[in-house]
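The block underneath contains the structure these notes are about, expressed in structure tokens.
Bear in mind the structure is a predicted one, so any value in this text is a computation, not a measurement. Nothing fancy with the numbering, it's 1 onward along the sequence.
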Amino acid sequence: MCIVITVLSCDLVFPTAMGIFSVLAVPLLLLGISGIIYIYQSVRWLLSKSAVQNKVVVITDAISGLGKECSRVFHAGGARLVLCGRTWEKLEALYDALISSFAHQTYAPKLILLDITDISCIRDVAKEILNCYGCVDILINNASMKVKGAVQSISLELDKKIMDANYFGPITLTKAILPNMISRRTGQIVLINSIQGKIGIPFRAAYAASKHAAVGFFDCLRAEMEEFDISVTLFPQGICLSLCLSAALTPLSFTVFFRKVSYGVHPVEVAEEVLATVSRKKQEVLMANPIPRAAVYIRTFFPELFFAIVASGIRERLKTEEES
């Protein structure tokens, strides 16, 4: 009788233990994965910080949302910042925010007034930038201007202004800084670009054209600067693209839902990825959510399908406008 009871007890305990283990296995696995991800991100952050520490980093349009976040992460990394913007009051406000948040940092940011659309003044501003520390290690071209409207409704003057801001401005500043980098045989040039430099979206013809032009220029520059150990990084990101693509890719009844799912990447995430990309000196990083990312590949491998999808989105939009 005792033997039977012992066997039954073992049979009862074993399934119970297995049940507890199976219940705890998933949480423990998730906890372990989370720990690994946290350690990886921490190590990545430390490596990124060490890569930019004491480096002279110039950020154009530092007073924009993404510009502020880039300023924050590079300042936290110990970089010697030169912040450029169109409004002195906003530059001072950014300066105060950085100093108050990172009081332990060694270098106070330098502030430079720069209107990227004023091409005639950019070379003089470049001299002022170089006078801050005598060199530039990393140039981040972040300034940009957007316009939305049908081709026939956008004036040629506005087209030219968009080209000045998104193409001629960045390349003029880059050309002015480039001799300093070439003479030192080191440096990195970053272009914060839009995913519309890869695909054209209706009602953004001037903007997309300027972004395509910038991609062509900096792709060529990358090849030419390789012999001088100067790296060129393109950073197309889809903050503004997802919203208009969702309307073209989905029926009207689902548009609201997909807008919430697919709309953009937060500037904080983009800035942190820019820092990591600069430290690794990657040539190009496409940072976008699934819908705009898929659109790039569809445009490349199935162009007729892409054009059909975009055209259907326009017809849906026109139909909605007529009904309203």
Check whether [X] reaches the backbone of [Y] with its side chain - one donor and one acceptor, N or O, closer than 3.5 Å.
X      : Y      : answer
Thr87  : Lys90  : no
Arg184 : Val136 : yes
Thr172 : Phe168 : yes
Asn166 : Ser210 : no
Arg80  : Asn54  : yes
Thr233 : Lys282 : yes
Arg222 : Ile230 : no
Asn289 : Ile291 : no

Exercise: do Asn142 and Ser144 side chains pair donor with acceptor under 3.5 Å: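 Judged by distance alone, the side chains do not pair up.
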
According to a 4.5 Å side-chain heavy-atom criterion applied to Ile, Leu, Val, Met, Phe, Trp and Tyr, with indirect links allowed, do Ile192 and Val52 form part of one hydrophobic cluster?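 Same hydrophobic cluster.
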
Once salt bridge (Lys or Arg N to Asp or Glu O under 4.0 Å) is applied, what residue pairs with a partner in residues 186-200 remain, sequence neighbours excluded?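 The answer is Lys198-Glu284.
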
Of the non-hydrogen atoms in Glu227 and Arg185, which two are nearest, and what is the gap between them?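 Scanning both residues completely, I find the closest heavy atoms to be O-NH2, 2.6 Å.
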
